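Only heavy atoms go into these numbers, but all of them, side chains included; no hydrogens, no water, no symmetry mates. Just so we're clear, the structure is a prediction, and the values are computed from it rather than from any experiment. Throughout, a chain's letter reflects where its sequence line sits, starting with A, and its residues are numbered from 1.
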Number of protein chains: 2
Amino acid sequence: MTNLVYRNYTKHYLSVDCVILGYEEEELKLLLYPRGFAPEEGKWSLLGGFVNENETIDNAALRVLYNTTGLEEIYLEQVHSFSEPDRDPGARVVSIAYYALVKINQQDIDLVREHGAHWWPLSKLPDLIFDHRRMVDKSIERLQQKASSQLIGSELLPETFTLIQLRNLYNAIFLRTFDPGNFRRKILSLDVLERLDIKDMSGSKKGAFYYRFTQKSLDMKFKPIFNLINQD
Amino acid sequence: MTNLVYRNYTKHYLSVDCVILGYEEEELKLLLYPRGFAPEEGKWSLLGGFVNENETIDNAALRVLYNTTGLEEIYLEQVHSFSEPDRDPGARVVSIAYYALVKINQQDIDLVREHGAHWWPLSKLPDLIFDHRRMVDKSIERLQQKASSQLIGSELLPETFTLIQLRNLYNAIFLRTFDPGNFRRKILSLDVLERLDIKDMSGSKKGAFYYRFTQKSLDMKFKPIFNLINQD
DNA sequence: CCAAAAGTGTTGCTTGTACACCCATGT
DNA sequence: ACATGGGTGTACAAGCAACACTTTTGG
């Protein structure tokens, strides 16, 4: 099927590397694999895999995520392609970095542990192989951009959450502390959350109301995600 | 040299496609090639080329630009990778889109014409092959983002320019009209332009002062560009 | 009743926007 | 002198940030 004109050109190995971010204990965590062989043995690695013949790179990323974490319908965003010829000493591999946002919960932790992976706090990352550290940095930059232009949280928090939890998430993403009053007002003015009649009593005597994203806001947010999956 | 482990995986054709933008007659223009053969004969194409064995994709993009326009030291930014398996009917080719900003001047126009390329106003683009239209749209989005977070213009305008020209450029990028007074104040407050003692008398009797970017601001802007070229 | 966290109000400052106004000068 | 576009001033509104204040309730 391949046009003869193309025959003269080099083909390349193509991989995807996923910066999988979760939120737990008031900080962002990154899912990493230990590398058990040379070179760079002892360092840690993003979850990655090669792109197959008949799939989009977005699908390759989803496949990698599914195979290693069992998770489906994950929020994914393409970040950047990395192509230094010697970035992978084993062969010339061009890699496309993605970031993914997932909810960390116990069953995922077990599943993930079976595969040898481990959640690392972003603030205390170990040494990463190749250019993976740059992939992480660029992903965080993108995540910050995204979080400033729209309210994120539905991908990282449980379905219902308090505004305090949401604020802590934003504190973790931006590495600063937002003013409780101002944050609350600003978020509520976006008109994407609805208050439930249940309170979280664990943090205080007064209790903090639970909120959740309105269906409308979720619909709007999920559209681009599924576009991602099926139309590149 | 290739590690045996990689042998099982598919290799892919990798190309770069460049959204080359220039500014002329108060509008943004896009450099396109006519496609002279089937399929999609009669449509127009971005300037592109395949990635070679031992070059970064950034360098591939620079090479394509140099070979087709003769221009060096061009401002380049990676935008997104496109990977639908059938996006190119000739073969499975994964393509990475870049946008480039260049100054249009007469000698470039001649040079470009020799290659059969043509500058098209963004507002009146012809039909493009494959997914090139999406590449253009995504590039414009990125350009707008960039232009909102920092003053661009040194790549698109002559070395000296009036604030009116700069405003027209911004009008063209954002498809709206900025208020003359407010635009001027905001731009000058950024403290990256210096006023020359020369006036452009062509537009009015009073004349409009020429400005240029300060060396300091250019140094800061060019750093990331050359990083792009040599360290992916 | 009081400590402590949740939530509201108030104020001053910065920024954006609309638009009126002044300025310089070639004809 | 006046029309024309360049350039400045002003006044109002919106948004942000700091922080004081009120509310609730388990101990």
Side-chain angles (χ1 to χ4, degrees), chain A residues 25-27 144-153 157-158 160-214, chain B residues 25-27 144-153 157-158 160-214:
Chain A
E25 290 164 356
E26 307 196 355
E27 60 184 343
Q144 289 185 345
Q145 265 181 241
K146 179 150 202 82
S148 356
S149 70
Q150 70 184 251
L151 186 61
I152 65 172
L157 294 172
T160 68
F161 49 87
T162 65
L163 288 178
I164 290 91
Q165 289 177 277
L166 183 62
R167 178 161 53 85
N168 282 334
L169 170 60
Y170 264 74
N171 287 345
I173 291 174
F174 288 96
L175 300 171
R176 52 167 286 205
T177 52
F178 289 89
D179 180 275
N182 298 334
F183 183 83
R184 140 181 240 95
R185 249 189 310 264
K186 186 168 168 184
I187 296 305
L188 291 179
S189 77
L190 299 175
D191 200 33
V192 295
L193 298 185
E194 58 186 338
R195 201 179 80 178
L196 307 181
D197 285 329
I198 319 159
K199 280 188 166 188
D200 169 24
M201 302 308 291
S202 69
S204 72
K205 285 138 192 176
K206 186 178 176 182
F209 279 108
Y210 278 113
Y211 288 77
R212 69 170 168 222
F213 283 89
T214 60
Chain B
E25 290 164 355
E26 309 197 353
E27 59 184 344
Q144 289 185 346
Q145 265 181 241
K146 177 150 203 82
S148 359
S149 71
Q150 70 183 253
L151 186 60
I152 63 171
L157 294 172
T160 69
F161 49 86
T162 65
L163 288 177
I164 290 90
Q165 289 176 277
L166 184 62
R167 177 160 53 84
N168 283 333
L169 170 61
Y170 265 74
N171 288 345
I173 291 174
F174 288 97
L175 299 172
R176 52 166 288 207
T177 53
F178 289 89
D179 179 275
N182 298 333
F183 183 82
R184 139 182 240 95
R185 249 189 308 261
K186 187 166 168 187
I187 296 305
L188 292 179
S189 78
L190 298 176
D191 200 34
V192 295
L193 298 185
E194 59 186 336
R195 202 179 80 179
L196 306 181
D197 285 329
I198 320 160
K199 281 189 167 187
D200 168 24
M201 303 306 292
S202 69
S204 72
K205 285 137 194 178
K206 185 177 176 182
F209 279 108
Y210 278 113
Y211 288 78
R212 70 171 168 220
F213 283 87
T214 60

Undergrad: First and last nucleotide of DNA chain D touching chain B, 5' to 3', heavy-atom cut-off 4.0 Å?
TA: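 Span of nucleotides near chain B: D:dG5 to D:dT10.
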
Undergrad: Got a second to check how far A:Arg185's CZ is from A:Leu190's CG, nearest 0.5 Å?
TA: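 So the gap between those two atoms works out to 13.5 Å.
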
Undergrad: Could you go step by step and tell me if B:Asn171 and B:Phe183 meet the side chain to side chain contact (heavy atoms under 4.5 Å, CB included) rule?
TA: CA-CA 10 Å; B:Asn171 288 345; B:Phe183 183 82; over 6 Å; no

Undergrad: May I have the step-by-step check of side chain to side chain contact (heavy atoms under 4.5 Å, CB included) for A:Asp197 and A:Tyr210, ending in yes or no?
TA: CA-CA 7 Å; A:Asp197 285 329; A:Tyr210 278 113; over 6 Å; no

Undergrad: Mark yes or no: B:Arg167 above the aromatic ring of B:Phe178, with NZ or CZ under 6.0 Å from the six-membered ring centre and no more than 45 degrees from the axis.
TA: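 No, cation not above the ring by the 6.0 Å, 45° rule.
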
Undergrad: What distance do A:Leu157 atom CG and A:Asn168 atom CG have between them, rounded to the nearest 0.5 Å?
TA: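 Here the rounded value is 9.5 Å.
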
Undergrad: Would you mind classifying the nucleic acid contact of A:Ile164 as base, sugar-phosphate or nothing, using non-hydrogen atoms under 4.0 angstrom?
TA: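 Sugar-phosphate, no base atom in range.
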
Undergrad: Can you find a heavy atom in the side chain of B:Leu166 that is under 4.5 Å from one in the side chain of B:Thr162?
TA: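 B:Leu166 vs B:Thr162: side chains apart.
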
Undergrad: A:Asn168 CG to C:dA5 C1': how many Å, rounded?
TA: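 In whole Å, C:dA5 C1' lies 13 Å from A:Asn168 CG.
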
Undergrad: Please check if the number of heavy atoms outside A:Lys199 that lie under 6.0 Å from its NZ is greater than 12.
TA: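 Count over threshold, so yes.
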
Undergrad: Between C:dA6 and A:Lys206, counting only base atoms on the nucleotide and side-chain atoms on the residue, is there a donor-acceptor pair under 3.5 Å?
TA: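 Answer yes: a donor N or O sits under 3.5 Å from an acceptor.
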
Undergrad: Is the centre of the A:Phe161 ring less than 6.0 Å from the centre of the A:Tyr211 ring?
TA: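 They do not qualify: ring centres at least 6.0 Å apart.
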
Undergrad: Want to settle it: does A:Ser204 or A:Arg195 sit nearer the 5' end of DNA chain C, counting the closest nucleotide to each?
TA: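 Its nucleotide being nearer the 5' end, the pick is A:Ser204.
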
Undergrad: Within residues 172-186 of chain B, which residues have any heavy atom lying less than 4.0 Å from an atom of DNA chain C?
TA: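 Only B:Asp179, B:Asn182, B:Arg185, B:Lys186 qualify.
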
